[in-house]
Each structure stands twice: as structure tokens, then as C-alpha cells.
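The block underneath contains the structure these notes are about, expressed in C-alpha cells.
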Protein chains: 2
Amino acid sequence: MEIEKAIAALNNPVRRQILAWLKDRSNFPPALPEHADLDGVCVGYIQEKANLSQSTISTYMGHLKAAGLVKSERHGQWTFYRRDEEAIQQFLALMGSELSQAGN
Amino acid sequence: MEIEKAIAALNNPVRRQILAWLKDRSNFPPALPEHADLDGVCVGYIQEKANLSQSTISTYMGHLKAAGLVKSERHGQWTFYRRDEEAIQQFLALMGSELSQAGN
DNA sequence: TCCATATATCGAGATATCGCGATAAACGTT
DNA sequence: AACGTTTATCGCGATATCTCGATATATGGA
């Protein structure tokens with residue numbers, strides 16, 4: 001997790017929305033049978049939901065990944081993205097300690 | 001506090017640094033005797049510390065204020081800026097609930 | 001009133017981000 | 001090898017942000 005890149009990645013409503021959608025797999029169409037055992041959501045589903053171009057969403061996921069907020073796994077032609085909960089909590093903790101007054 | 005503007009305001013290392021400096025008044029030169037009873041730090045001191053131009057710092061403080069992260073008070077020719085601790089905590093709480101997985 | 005000081009606003013050039021379409025790369029299937 | 005599908009990368013015009021110097025505004029003092 002890189003706080004600098006993470007803040008930049010979060011400085012965009014669609015990227016924040018995608019992170020929120022990824023909290024719950026049921027925000028997306030069901031996985032194909034052959035992907036039933038994998039977690040994460042493929043780029044195409046995210047693109048469909050966000051209603052932006054394929055290249056834009058691919059780039060967005062790249063930002064989120066570079067920031068460390070999501071993990072990705074490629075299976076065949078598909079890349080599955082899922083939240084990195086640990087990194088997200090770490091980010092929140094870092095923001096808290098950077099922003100909070102000492103006594104709080 | 002406006003989460004959209006707050007994230008944008010925080011998406012800049014100098015503005016984050018200023019917020020951090022403002023945690024402790026002793027990061028700046030002592031107040032003039034006639035300002036001893038006021039809290040907050042004047043723009044000039046912040047500028048000196050950040051080593052950017054006067055106009056840049058004034059604009060930065062405007063961003064932080066528009067985001068609701070700081071409060072300002074004018075006394076004579078000086079504007080004193082201080083952190084809005086309540087708003088900052090509210091921002092952190094909002095980020096937490098927006099980013100965190102439901103079960104966390 | 002005139003001047004000095006502190007801050008805010010304006011206008012501009014440099015740089016970064018946005019979001020796209022086109023194209024490339026990766027992979028599976030035939 | 002050739003093709004279809006999925007994702008990643010490239011190049012670009014549009015827009016936003018950065019940071020500055022110059023200027024305007026606000027205030028207090030001589």
C-alpha cells in the first residue's frame with residue numbers, strides 16, 4: 001500500500017465506486033461456471049457496471065492495483081480483481097495517524 | 001466537511017504537511033504578543049515553513065478551508081488558520097465507512 | 001490621506017489527469 | 001496457423017491542477 005498513490009487513486013468517484021462495488025460480488029453478474037471457485041471480478045463486468053470504456057476501466061484497475069488497494073489474478077484471458085482488505089485497513093490506519101491530532 | 005473536496009485537498013503532499021504542522025502550534029514561530037490569546041497560525045508563518053509562494057499558500061489554505069478541514073478567523077490584517085478537528089474526524093469516519101468491508 | 005503590511009484573487013505557462021478509440025498482447029479454441 | 005475473446009497499452013485532445021508573479025483588497029498606523 002502506498003499512501004501517496006492510494007490517495008490519488010481514491011481522488012476519483014468512479015474508482016471509489018468500483019472499490020465499493022467490489023465489497024459484494026453480487027453487485028456483478030454471476031461468475032461463469034468455470035470461474036465459480038475464483039474470487040474477484042473480471043474487468044468486463046466492472047466496465048459494464050461503470051459504463052465507461054474498456055480502456056478507461058483497465059487503466060483505473062491499474063491505478064487501484066498500483067496503489068495496492070486491489071489484488072489481481074489472471075486466469076486464462078480473464079483478469080480477476082478483488083479488494084485487498086488488509087491494505088485498505090492499513091491505508092485507513094495510516095490516514096488516521098497522519099491526520100489525527102496526537103491526543104485523539 | 002465535503003468528502004469529495006477533502007480527498008482532493010489531501011491529494012497533495014504540501015497540504016497534508018500543513019495539516020500535520022497545524023497539529024502543534026510550536027511548529028511555527030511564536031505568536032506576536034497581541035495575538036497571544038488567539039489560536040491558529042497566520043498565512044505568513046505557514047508560507048515561510050512550506051517555502052512556497054504567498055499566493056500558493058493562500059490558495060492552498062483556501063482549498064483546505066473549502067474542504068472543511070480547517071477553520072479561519074481574521075484578526076486585523078491577519079488570517080489565522082487552525083485545524084477543524086471535528087471535521088477531520090468526521091472525514092476519517094466517512095472514509096472508513098466508505099472503504100471498509102461491511103463485516104469490518 | 002498616504003503608506004506599509006498581510007492576505008486574497010487574477011492570469012498564465014507547465015504539468016498531470018481524464019476518458020476515449022485504436023492497437024497490441026495474452027490466451028484459448030479450432 | 002488463424003481466429004475470437006479479454007485485457008493492457010498507446011496516443012491524443014480536453015480539462016484540471018500546480019505554482020508562480022502581478023495585482024487587488026483589507027486593515028492599521030503615521
Produce a footprint string for nucleotides 10-17 of chain C: one letter per nucleotide, 5' end first; B if the base is under 4.0 Å from any protein heavy atom, S if only the sugar-phosphate is, - if neither.
-> --------
Any ion pair linking A:E86 and A:K71 (charged N to carboxylate O, less than 4.0 Å)?
->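 No salt bridge links A:K71 with A:E86.
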Is it true that B:E4 and A:R16 make a salt bridge, defined as a side-chain N closer than 4.0 Å to a carboxylate O?
->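 Looking at B:E4 and A:R16, the cut-off is met.
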Starting from [atom2] on [N], measure out to [atom1] on [X] and report it in whole angstrom.
X     : N      : atom1 : atom2 : result
B:I57 : D:dT17 : CD1   : P     : 18 Å
B:L32 : D:dG28 : CG    : P     : 14 Å
B:R16 : D:dT17 : CZ    : C1'   : 15 Å
B:I7  : D:dA16 : CD1   : P     : 18 Å
B:L64 : C:dT7  : CG    : C1'   : 16 Å

So does B:Q54 reach the base of C:dA6 with its side chain, donor to acceptor, closer than 3.5 Å?
->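 A donor-acceptor contact between them is absent.
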For the residue pair A:G68 and A:D84, what are the closest heavy atoms and their distance?
->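 Heavy atoms of A:G68 and A:D84 come nearest at O-CB, 3.7 Å.
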Looking at side-chain heavy atoms only, is the closest gap between [X] and [Y] below 4.5 Å?
X     : Y     : answer
A:L99 : B:L10 : yes
A:M95 : A:I7  : yes
B:E98 : B:I3  : yes
A:F80 : A:D39 : no
B:W78 : B:E73 : no

Check DNA chain C against residues 46-53 of chain A and give the residues with a non-hydrogen atom under 4.0 Å, in numerical order.
->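 Those residues whose heavy atoms fall under 4.0 Å from DNA chain C, taken from residues 46-53 of chain A in numerical order, are A:L52, A:S53.
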Which value, rounded to the nearest 0.5 Å, describes the distance between B:I46 atom CD1 and B:N27 atom CG?
->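 One finds 11.0 Å between CD1 of B:I46 and CG of B:N27.
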Nearest 0.5 Å please: distance from the SG atom of A:C42 over to the CD atom of A:Q47.
->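 Nearest 0.5 Å value for the SG-CD distance: 10.0 Å.
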Please work out which residues in residues 65-81 of chain B have a non-hydrogen atom less than 4.0 Å from an atom of DNA chain D and list them by number.
->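 When residues 65-81 of chain B is checked for heavy atoms under 4.0 Å from DNA chain D, the hits, listed by number, are B:R74, B:G76, B:Q77.
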Should we count CD of B:Q17 as having more than 12 external heavy atoms under 6.0 Å?
->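 Atom CD in B:Q17 is packed in, count exceeds 12.
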Determine: side-chain N/O of A:S58 to OP1/OP2 of D:dT7, distance under 4.0 Å, yes or no.
->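 Looking at the OP1 and OP2 atoms of D:dT7, neither is under 4.0 Å from any side-chain N or O of A:S58.
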